[in-house]
Amino acid sequence: MDGQDVLGVREASDEAVKRVRSGSGPVFVEAMTYRFRGHSVADAQAYRSRDEIGAWRENNDPLGNLRNLAMAEGIMEESDFVEMDREARAVVDEAVEFAENSPEPPPEALFDHVYAD
Amino acid sequence: MAELIIREAIRKGLQEALETDDRVFLMGEDIGVYQGSYAVTRGFFEEFGSERIRDCPIAESVIIGAATGAAMAGMRPIVEMMTINFMLLGIDQVVNHAAKMSYMSNGQIKVPLVIRAVTGGGGRLAATHSQNFEGWYASVPGLKVCVPSDPYDALGLLRTAIADPNPVIFAEHGLLYGKRGEVPDGHYTVPMGQAAVRREGTDITLAAYGRMVYTSLEAADRLAERGVEAEVIDLRTLQPLDTDTIVQSVEKTNRVVIVEENWRTGGFSAEIASTVHEAAFDYLDGPVGRVSGHDVPAPYNANLEDLQIPDADRIIAEIEKLYSL
């Protein structure tokens with residue numbers, strides 16, 4: 001199935017869980033999706049083109065698709081998403097700031113938490 | 001004579017094996033289209049094709065199991081395990097299958113398999129990507145373990161490993177791929193079980209392998225400034241282990257410290273230390289010392305990771321403590 005379709009994945013998962021709970025055996029859901037970023041910062045992504053990634057981002061981003069749907073259905077407005085983006089950005093910025101402004105751990109921290117107290 | 005880095009030396013060894021022996025083929029994750037996670041197999045997919053450069057799914061046990069089967073059937077598979085950390089997912093195939101076929105078949109079945117894996121820490125890759133498990137494999141009968149530290153040995157040992165009728169774990173330190181050195185153009189090999197003396201000295205022996213050879217050499221240089229001449233031995237292979245070279249050195253220096261990046265508890269340095277104690281007891285002026293990684297997972301924080309891994313300071317401190325040098 002289309003793994004980029006958020007509601008479709010939800011529906012299929014609901015159906016799969018129902019079938020499993022009803023005792024009719026295991027279900028395999030194959031949701032085809034696309035990775036927008038490389039495996040890590042070391043991944044130059046030589047195995048695919050920028051155009052290919054761009055086309056997927058542009059036309060088939062699960063979040064973008066859901067956003068468009070929510071607006072088309074009148075459930076949410078553009079300004080709601082702007083506010084959500086702002087909040088998300090603030091959370092990340094705050095975390096980055098906290099990390100960058102934190103002191104280096106002292107040498108003895110090397111031995112902390114190897115075992116739980 | 002050419003000057004190569006370790007990455008190029010290993011690549012050269014793989015290339016010539018692929019060119020000269022039809023039975024040789026490579027298996028691993030991202031070794032083909034992606035050109036290798038550490039760029040060792042760059043260009044191979046284009047040159048040798050998908051039959052011989054086999055991009056495998058992320059299933060380490062399947063890769064090692066299939067390669068073991070291919071080796072039993074007469075092929076010469078060379079597996080790239082990306083890192084020794086991920087190889088844990090295939091360890092059953094290594095220890096319970098590849099390592100035991102010869103013994104359990106009364107010598108009827110051979111497993112000429114080479115498993116290459118990046119080992120070691122220091123790369124800021126955190127706890128699950130920075131481990132040293134080559135010592136574990138060296139404790140398993142039926143396996144051989146190579147731990148080259150320079151391009152000459154990397155190529156020479158790889159040739160020996162590929163020609164060996166047994167499964168060989170070829171542990172490549174991730175931070176040594178760029179290490180440069182002279183490599184002869186003509187054919188040569190480096191035998192397993194033969195350590196190399198990297199620096200001669202009369203006062204203390206430092207035995208190390210992999211990246212710790214360089215840490216030991218740095219410590220030796222600093223010791224020399226105060227008139228202490230350290231002999232530095234590069235073990236080159238852990239299985240077979242060249243005890244004789246260490247013992248001969250200890251007969252001269254009467255002091256020895258084993259340096260290993262791995263954890264101290266159960267580390268391979270303990271095995272070496274015990275063996276040297278038994279073999280060279282009468283020559284020793286004190287206990288065999290060990291400098292190892294601290295017994296904690298690799299920290300992500302750079303300063304802490306540098307503290308976890310042995311450095312020249314710790315080697316010198318251990319020498320001062322044990323031998324008052």
Side-chain angles (χ1 to χ4, degrees), chain A residues 1-4 9 12-13 16 26-57 60 62 88 91-117, chain B residues 7 29-46 50 53 55 57-58 82-83 85-86 118 121-131 174-175 177-178 263-265 292-311 313-314 317:
Chain A
M1 64 167 303
D2 180 8
Q4 305 292 87
V9 169
S13 306
V27 177
F28 191 89
V29 179
E30 188 181 19
M32 309 303 285
T33 186
Y34 191 83
R35 193 175 72 186
F36 287 156
R37 307 286 293 264
H39 174 71
S40 73
V41 290
D43 181 356
Q45 304 186 73
Y47 46 83
R48 59 184 184 179
S49 68
R50 275 178 190 279
D51 288 348
E52 180 191 308
I53 301 167
W56 274 87
R57 268 188 187 281
N60 208 351
V91 168
V92 174
D93 287 347
E94 197 185 330
V96 170
E97 200 185 321
F98 173 78
E100 286 180 343
N101 293 331
S102 293
E104 283 288 324
E108 57 271 23
L110 179 62
F111 301 97
D112 289 347
H113 308 301
V114 177
Y115 296 95
D117 295 328
Chain B
R7 174 184 287 109
E29 293 156 12
D30 282 342
I31 61 170
V33 177
Y34 188 78
Q35 317 247 22
S37 294
Y38 291 81
V40 173
T41 56
R42 182 164 288 167
F44 281 6
F45 190 75
E46 201 164 299
S50 59
I53 309 298
D55 265 330
I58 305 175
M82 199 176 296
T83 88
N85 308 280
F86 313 148
V118 169
R124 314 302 184 223
L125 295 171
T128 60
H129 288 60
S130 307
Q131 301 168 101
L175 296 189
Y177 274 129
W263 295 305
R264 184 179 176 86
T265 302
S292 325
H294 288 298
D295 283 338
V296 303
Y300 179 59
N301 178 271
N303 293 337
L304 294 186
E305 185 177 31
D306 288 343
L307 281 178
Q308 197 266 333
I309 297 170
D311 60 12
D313 284 342
R314 273 170 61 194

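Reminder, nothing fancy here: chain letters follow the sequence lines and each chain counts from 1. Only heavy atoms go into these numbers, but all of them, side chains included; no hydrogens, no water, no symmetry mates.
The neighbour count for A:E52 CD, taken as heavy atoms of other residues, nucleotides or ligands under 6.0 Å away, is above 12. Sparse packing is recorded around CZ of B:R42, with 12 or fewer heavy atoms of other residues, nucleotides or ligands lying under 6.0 Å away. Annotation for B:I58: atom CD1 does not count as buried by contact number, only 12 or fewer foreign heavy atoms lying within 6.0 Å. Atom OH of B:Y300 is surrounded by 12 or fewer heavy atoms from other residues, nucleotides or ligands within 6.0 Å.
Considering only heavy-atom pairs separated by less than 4.5 Å from chain B, the leading option among A:D112, A:L110, A:V114 is A:L110. Most heavy-atom pairs under 4.5 Å with chain B: of the set A:A109, A:P106, A:P105, this distinction falls to A:P105.
For chain A, the nearby part of B:V33 is the side chain; its heavy atoms alone come within less than 4.5 Å. With a 4.5 Å cut-off on non-hydrogen atoms, A:A42 touches chain B through its backbone but not through its side chain. Proximity to chain B involves both the backbone and the side chain of A:D43, based on heavy atoms less than 4.5 angstrom apart.
Between B:Y177 and B:Y38, the two ring planes are tilted [angle within 30° to 60°].
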